[in-house]
Amino acid sequence: MEPNKPEMNQAEGNPAPHRESGEPPRGKLDCYDWLSATPKGDGQDCDIVEVQFKNTRKGYFRNSLHIELGIGDLVAVEAAPGHDIGSVTLTGPLVRRQMRKAGVKPDTELRRILRKARQSDIDRYKEAKAKENDTMIRARKIAEDLNLKMKIGDVEYQGDGYKAIFYYIADERVDFRQLIKVLADTFKVRIEMKQIGARQEAGRIGGIGPCGRPLCCATWLTSFVSVGTAAARFQDISLNPQKLAGQCAKLKCCLNYEVDAYVEAVKKLPPKDARLETADNTYYHFKHDVFKGMVTYSTDKWIPANLVTIDARRAFEVMAMNKEGQKPASLLRDDEQPRQEKSPYADLLDQDNISRFDNAKKKRNRKKKRPAKEGGTPQGDASQQPSTEGQEKNQPRQQRRGGRDRRRPSDKSNNQPKQ
């Protein structure tokens, strides 16, 4: 790898600062070469190289000229017509495994790598990429004028500028023959139309998901498996479309990640329609904890009443006893104590009671001791000194409060109570 050769930024499609040789690229759909440290023997050499273009578009090319290539090198590859510029993302024997994963057959005829990108190739490539945003906006306007029910989501120019790929989304079949003629006359390039789905569009644009990480379709996910609401039901997730849908307005791909573990765990639990008979009640399934293996039963089929939580093994034991015609005294085992979960509101209607916070608190009558008069008892002692309402009103304001008179001495004589 040449020390001063610029490399491709996978997210933006522009040359990026140089990194050390062998360091994996930091872009979309990265692949870690875990076979790079293994010694190369017979059959380990591979002349096929994985090249990535704008966003998530990748291709596999044959290095027939045996050019020494490293991860991050810009190369010029064959195209129809002309040539294209891409960045090397993977070399070595792991490329064949990636081809098998991408569905490329071994006998497929691959195009060749022409050379490492020259400075003139890079300059021409930058000029073509600079026109993509303006071309996309103008193409959307042209499609709207032709009354076509389609959305042009992205435009990608070939490295030499002779060809442009228009990625569009449409719910139904679109006749874009007239659109191709107008686009060819407007932009003076060869036009190629590619229809993609909503998930592919999200992968090309990128973004941050609700988990705080980059979108899976923009980082590592290549095959999009259909996602159904059954995956959410198995995991006991609320069927809220706003929470289950991703940025592509489709169900999130991550709903399929853990559904297999839930399916296997649910098989170890009793069925939901099973009824457990005891000596005094009939219990119905209310809820369950998949990974703890605990099942909660209720005596009412529709509302929670007399809830009892037992493990799945005990539930199967009771079901076997009921099948033989026996009814245990309780769902719990003899050595288990009943668990009583105290709820702050036993009655559901009591939650809306407006007087539920009105607790009767006893008011404490704290009487402050007043200063004693000359030759008398303290005024705070009600047992030894009778006090009437009229006498209390005639007392000075400062004495009634039990405080000190802070007025000047000249003012005290004028504020004495009248006899």
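Without hydrogens or angle criteria, Asp300 side chain to Pro304 main chain gives no donor-acceptor distance under 3.5 Å. Using a distance-only test at 3.5 Å, with no hydrogens or angles considered, no donor-acceptor pair links the side chain of Lys58 to the main chain of Ala102. In this structure, Lys252 contributes its side chain and Lys243 its backbone to a donor-acceptor pair below 3.5 Å. Side chain of Thr186 to main chain of Val182: a donor-acceptor pair is present (N/O by atom type, distance under 3.5 Å, no hydrogens or angles). With Gln235 contributing its side chain and Leu255 its backbone, the two residues share a donor-acceptor pair below 3.5 Å. Between the side chain of Asp84 and the main chain of Ala79, no donor-acceptor pair closer than 3.5 Å is present. Thr309 places no side-chain N or O within donor-acceptor distance of the main-chain N or O of Val295, the cut-off being under 3.5 Å. Judged by distance alone, the side chain of Gln98 and the main-chain N or O of Glu50 form no donor-acceptor pair under 3.5 Å. A donor-acceptor contact shorter than 3.5 Å is absent between the side chain of Lys301 and the backbone of Tyr283.
Between the side chains of Tyr157 and Glu132, not a single donor N or O lies within less than 3.5 Å of an accepting N or O. Using a 3.5 Å distance cut-off with no hydrogens or angles, the side chains of Asn240 and Gln242 do not pair a donor with an acceptor.
Using a cutoff of 4.0 Å between basic side-chain nitrogens and carboxylate oxygens, Arg140 and Asp145 are not scored as salt-bridged. Here Asp175 pairs with Arg177 in a salt bridge; the nearest charged N to carboxylate O distance falls below 4.0 Å. No salt bridge links Glu144 with Lys149; every basic N to acidic carboxylate O contact stays at or beyond 4.0 Å.
Considering only heavy atoms from C-beta on, Pro328 comes within 4.5 Å of Asn322 through its side chain. For the pair Ile48 and Asn63, the minimum side-chain heavy-atom distance is 4.5 Å or more. Within the 4.5 Å cutoff, the side chain of Tyr167 has no heavy atoms near those of the Ile152 side chain. Contact annotation: the side chain of Arg57 approaches that of Glu156 to within less than 4.5 Å [non-hydrogen atoms, C-beta and beyond]. Using a 4.5 Å cut-off on side-chain heavy atoms (C-beta onward), His83 and Arg115 make contact. Proximity of Gln178 to Lys181: side-chain heavy atoms (C-beta onward) are separated by under 4.5 Å at one or more points. By the 4.5 Å heavy-atom criterion applied to side chains, Cys253 and Leu221 are counted as neighbours. Between Leu251 and Thr229 there is a side-chain heavy-atom pair separated by less than 4.5 Å.
Each ring-ring contact (aromatic ring centres under 6.0 Å, His included) pair with one or both residues in residues 129-148, not counting sequence neighbours, would appear here, but there are none. Residue pairs meeting the salt bridge (charged side-chain N to carboxylate O under 4.0 Å, His left out) criterion with at least one member in residues 265-280, sequence neighbours excluded: Glu264-Lys267. Applying the salt bridge (charged side-chain N to carboxylate O under 4.0 Å, His left out) rule to pairs touching residues 190-203 yields Lys151-Glu201, Lys163-Glu192, sequence neighbours excluded.
Dense packing is recorded around OH of Tyr284, with more than 12 heavy atoms of other residues, nucleotides or ligands lying under 6.0 Å away. Atom CG of Asp171 has 12 or fewer neighbouring heavy atoms from other residues, nucleotides or ligands inside a 6.0 Å radius. The neighbour count for Lys250 NZ, taken as heavy atoms of other residues, nucleotides or ligands under 6.0 Å away, does not exceed 12.
Cation-pi contact between Arg124 and Tyr162: present, with separation from the ring centre below 6.0 Å and deviation from the ring axis of at most 45°. The cationic atom of Arg313 (NZ for Lys, CZ for Arg) does not lie both less than 6.0 Å from the six-membered ring centre of Phe316 and within 45° of the ring axis.
Between Leu269 and Gly293, the shortest heavy-atom contact is CD2-CA, 3.9 Å. Between Gly206 and Leu215 the shortest heavy-atom distance is C-CD1, 3.9 Å. In plain terms, the two heavy atoms of Val49 and Val88 that are nearest each other are CG1-CG1, 3.5 Å. Here the closest non-hydrogen pair linking Asp160 and Gly82 is OD2-CA, 3.2 Å. Shortest non-hydrogen contact noted between Ala218 and Gly203 is CB-O, 3.5 Å.
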Practice task
Output, in order, the C-alpha distance, side-chain angles, deciding distance and verdict of side chain to side chain contact (heavy atoms under 4.5 Å, CB included) for Lys116 and Asp73.
Solution key: CA-CA 7 Å; Lys116 284 188 177 182; Asp73 287 346; 3.8 Å; yes

Exercise for the section: Output, in order, the C-alpha distance, side-chain angles, deciding distance and verdict of side chain to side chain contact (heavy atoms under 4.5 Å, CB included) for Val75 and Val51. Expected result: CA-CA 8 Å; Val75 292; Val51 180; 4.2 Å; yes

Exercise for the section: Mind running side chain to side chain contact (heavy atoms under 4.5 Å, CB included) on Ile113 and Leu69 for me, showing each step along the way? Expected result: CA-CA 10 Å; Ile113 293 180; Leu69 299 175; 3.8 Å; yes

Problem - Test log, rule side chain to side chain contact (heavy atoms under 4.5 Å, CB included), inputs Tyr297 and Ile310 - result: CA-CA 8 Å; Tyr297 288 92; Ile310 58 177; 4.0 Å; yes

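When the side-chain hydrogen bond (donor to acceptor under 3.5 Å, both in side chains) test is applied to Glu78, the partners found at least two apart in sequence or on another chain are Arg112. Qualifying salt bridge (charged side-chain N to carboxylate O under 4.0 Å, His left out) partners for Asp311, counting only residues two or more places apart in sequence or in other chains: Arg333. Shown here are the side-chain hydrogen bond (donor to acceptor under 3.5 Å, both in side chains) partners of Thr91, two or more places apart in sequence or in another chain: there are none.
Between Phe176 and Tyr168, the ring planes are perpendicular. Angles over 60° get that label, and only those under 30° would be called parallel. The aromatic rings of Phe61 and Phe53 sit perpendicular, their planes meeting at an angle over 60°, well past the 30° parallel limit.
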